[in-house]
2 protein chains.
Amino acid sequence: MLKLSRLTDYAAVVMAQIARHHQASHTTADLAEAVQLPHPTVSKTLKMLVKAGLLESQRGVQGGYRLARPASQITAADIISAIEGPVAMTECSQAEGECELAATCGVADNWQRVSLAIRTLLESVTLAHLADTAPIKLPVQLPIQSISLSAASA
Amino acid sequence: MLKLSRLTDYAAVVMAQIARHHQASHTTADLAEAVQLPHPTVSKTLKMLVKAGLLESQRGVQGGYRLARPASQITAADIISAIEGPVAMTECSQAEGECELAATCGVADNWQRVSLAIRTLLESVTLAHLADTAPIKLPVQLPIQSISLSAASA
DNA sequence: TAATTGGGTACCATTTTAGTCCTGTATAAA
DNA sequence: TTTATACAGGACTAAAATGGTACCCAATTA
């Protein structure tokens with residue numbers, strides 16, 4: 001599936017909700033109500049987002065959560081890595097030289113390039129895009145054959 | 001992590017190994033030895049690849065596995081879905097209209113577009129690319145701002 | 001100082017994943 | 001026709017990740 005975890009999915013929804021009303025501070029209870037998810041689960045998600053620096057929190061009466069920076073400066077990659085860690089397709093695409101199978105693998109290099117391309121794509125999608133009801137504008141994908149490559153991944 | 005499962009990783013390595021010597025038939029034992037993975041695990045992976053129509057098998061003496069079609073016609077997306085099922089980032093990006101949270105979600109549409117872009121990317125990478133030691137040529141990623149969108153996702 | 005609201009941690013249930021094993025069946029060569 | 005080879009299919013188990021919950025503490029403000 002190459003699937004996001006359910007919590008990541010929640011995180012995106014919650015972030016979008018906050019982004020749509022970024023003036024106000026949002027309590028966990030408000031958000032849980034708005035997105036129809038259990039309070040403790042939303043709370044857990046929010047804490048992870050704060051830890052990743054995407055949200056700021058304010059304790060006490062009238063407290064709550066708000067975006068740490070404009071929605072246009074928060075990317076899908078940011079949200080995903082806040083919950084799941086670095087965006088990478090395989091173990092070896094994050095840490096260089098730790099795979100004992102490297103010798104027999106013969107795929108690592110190109111797999112890492114693919115991983116990088118996906119990361120780039122996810123970095124080009126911002127929370128502002130996600131929260132907007134208008135269709136997102138994705139980068140054009142030119143067919144491989146037409147491209148000289150080294151320029152692309154650099 | 002947006003990570004592939006370990007089996008998928010194995011599948012890619014095994015497929016690349018077969019692709020590099022596509023004339024011959026490969027037994028499970030040979031492949032397990034070549035990629036340094038346990039025999040039963042490789043066997044399981046191979047069976048899944050056959051079921052997905054990416055490999056053909058021949059029983060009996062002198063039997064083994066070979067590619068069902070040229071490496072240039074097998075994509076990374078094929079391999080991933082053979083092991084993990086359809087490439088999709090979220091539950092709702094595969095099945096339309098089955099999410100009870102759709103009303104409060106407000107992210108589904110754009111999330112699906114992102115998912116589609118990733119699928120397109122993975123479909124543009126072939127086994128021939130992966131098996132090759134030369135750097136893969138990935139599609140150019142133009143910055144979002146520069147693009148008029150509707151043309152892109154169509 | 002009381003009420004509100006987030007912070008941190010620990011815990012448990014469930015699901016998914018990975019890996020193994022066993023038995024059956026097809027094929028080719030002797 | 002027999003026998004060795006090799007894949008097919010399924011059941012099973014162990015381990016890990018995931019998701020969800022509960023509890024208590026800390027900070028803030030009225």
Side-chain angles (χ1 to χ4, degrees), chain A residues 1-14 18 24-33 35-68 80 82-86 88-91 101, chain B residues 1-14 18 24-68 80 82-85 88-91 101:
Chain A
M1 272 279 290
L2 197 82
K3 175 166 61 176
L4 298 177
S5 83
R6 216 185 303 181
L7 280 186
T8 308
D9 211 351
Y10 297 166
V13 174
V14 168
I18 297 176
S25 193
H26 300 259
T27 68
T28 306
D30 288 350
L31 290 169
E33 172 61 24
V35 302
Q36 285 293 295
L37 290 171
H39 181 120
T41 299
V42 172
S43 168
K44 190 178 187 175
T45 308
L46 290 167
K47 288 173 195 173
M48 288 192 262
L49 291 166
V50 168
K51 208 174 259 179
L54 305 186
L55 291 179
E56 281 172 352
S57 64
Q58 173 75 38
R59 292 185 176 187
V61 180
Q62 298 298 320
Y65 295 93
R66 55 179 65 229
L67 297 184
I80 293 172
I83 310 293
E84 318 199 5
M89 288 179 65
T90 61
E91 298 295 343
L101 299 176
Chain B
M1 271 278 289
L2 197 80
K3 176 166 60 176
L4 299 176
S5 83
R6 216 183 305 181
L7 281 186
T8 307
D9 210 352
Y10 296 166
V13 173
V14 168
I18 297 176
S25 192
H26 301 259
T27 68
T28 307
D30 288 348
L31 290 168
E33 171 60 24
V35 303
Q36 286 292 297
L37 291 171
H39 182 121
T41 300
V42 171
S43 168
K44 188 179 189 176
T45 309
L46 290 167
K47 289 173 194 172
M48 288 194 260
L49 292 166
V50 169
K51 207 174 256 174
L54 305 186
L55 291 179
E56 283 172 350
S57 63
Q58 172 76 37
R59 293 185 176 187
V61 179
Q62 298 297 322
Y65 296 93
R66 55 180 64 229
L67 297 183
I80 294 172
I83 310 292
E84 318 198 6
M89 288 179 65
T90 60
E91 297 296 342
L101 298 176

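Note: hydrogens, waters and symmetry copies are ignored here, and every other heavy atom, side chains too, is used. Chain identifiers are assigned alphabetically (A, B, ...) following the order of the sequence lines, protein sequences preceding nucleic acid strands; residue numbering begins at 1 within each chain.
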Looking at [X] and [Y], what are the two nearest heavy atoms and their distance?
{"X": "A/Glu33", "Y": "A/Gln36", "value": "O-NE2, 3.1 Å"}
{"X": "B/Ala24", "Y": "B/Arg66", "value": "C-NH2, 3.9 Å"}
{"X": "B/Glu84", "Y": "B/Leu4", "value": "OE2-CA, 3.5 Å"}
{"X": "A/Ala32", "Y": "A/Pro38", "value": "CB-C, 4.5 Å"}
{"X": "B/Ile83", "Y": "B/Ser5", "value": "CG2-OG, 4.3 Å"}

Q | For B/Thr41, all residues meeting side chain to side chain donor-acceptor pair (under 3.5 Å), sequence neighbours excluded | A |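 Side chain to side chain donor-acceptor pair (under 3.5 Å) check on B/Thr41 returns nothing, list empty.
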Q) With sequence neighbours excluded, what pairs up with A/Thr27 under the side chain to side chain donor-acceptor pair (under 3.5 Å) test? A)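 Here the qualifying residues are A/Asp30.
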Q. About how many Å separate CG of B/Leu7 and OG1 of B/Thr45, when rounded to the nearest 0.5 Å?
A.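 The distance works out to 5.0 Å.
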**Q.** Inter-residue atom distance B/Lys44.NZ - B/Leu37.CG, 0.5 Å rounding
**A.** 13.5 Å
Starting from [atom2] on [N], measure out to [atom1] on [X] and report it in whole angstrom.
{"X": "B/Leu49", "N": "D/dG9", "atom1": "CG", "atom2": "P", "result": "13 Å"}
{"X": "B/Lys3", "N": "D/dA17", "atom1": "NZ", "atom2": "P", "result": "7 Å"}
{"X": "A/Leu4", "N": "D/dT18", "atom1": "CG", "atom2": "P", "result": "12 Å"}
{"X": "B/Ile83", "N": "C/dT16", "atom1": "CD1", "atom2": "P", "result": "17 Å"}
{"X": "A/Ile18", "N": "C/dG6", "atom1": "CD1", "atom2": "C1'", "result": "13 Å"}
{"X": "B/Gln62", "N": "C/dA26", "atom1": "CD", "atom2": "P", "result": "20 Å"}
{"X": "A/Leu46", "N": "C/dG8", "atom1": "CG", "atom2": "C1'", "result": "15 Å"}
{"X": "A/Met48", "N": "C/dG6", "atom1": "CE", "atom2": "C1'", "result": "15 Å"}

Q) Is the shortest heavy-atom distance from the side chain of B/Tyr10 to the side chain of B/Val35 under 4.5 Å? A) no
Q: For residues A/Leu46 and A/Ile18, determine if any side-chain heavy atom of one lies less than 4.5 Å from a side-chain heavy atom of the other.
A: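 A/Leu46 reaches A/Ile18 side chain to side chain.
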When you measure from the side-chain N and O atoms of [X] to the phosphate of [N], is any distance below 4.0 Å, counting only OP1 and OP2?
{"X": "A/Ser5", "N": "D/dG19", "result": "yes"}
{"X": "A/Gln58", "N": "D/dT29", "result": "yes"}
{"X": "A/Ser57", "N": "C/dT5", "result": "no"}

Enumerate all atom pairs, one protein N or O and one N or O from nucleotides 20-23 of chain D, separated by less than 3.5 Å.
residue, atom, partner, partner atom, Å
D/dG20, OP1, A/Arg6, NH1, 3.2
D/dG20, OP2, A/Tyr10, OH, 3.4
D/dG20, N7, A/Lys44, NZ, 2.8
D/dG20, O6, A/Lys44, NZ, 3.1

Q | Of residues 24-31 of chain A, the positions that come close to DNA chain C - non-hydrogen atoms, cut-off under 4.0 Å | A |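 The answer is A/His26, A/Thr27, A/Thr28.
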Q) What nucleotide, of C/dA28, D/dG9, D/dG19, holds the atom closest to the side chain of B/Val61? A)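 Among C/dA28, D/dG9, D/dG19, the one nearest the side chain of B/Val61 is C/dA28.
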Using atom names, set out every protein N or O paired with an N or O of nucleotides 24-26 of chain D below 3.5 Å, distance rounded to 0.1 Å.
residue, atom, partner, partner atom, Å
D/dA26, N3, A/Arg59, NH1, 3.3

**Q.** With A/Ala82 via side-chain contact (heavy atoms from CB on, under 4.5 Å) - residues at least two apart
**A.**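 In terms of side-chain contact (heavy atoms from CB on, under 4.5 Å), with neighbours along the sequence ignored, A/Ala82 is linked to A/Leu49, A/Ala52, A/Leu54.
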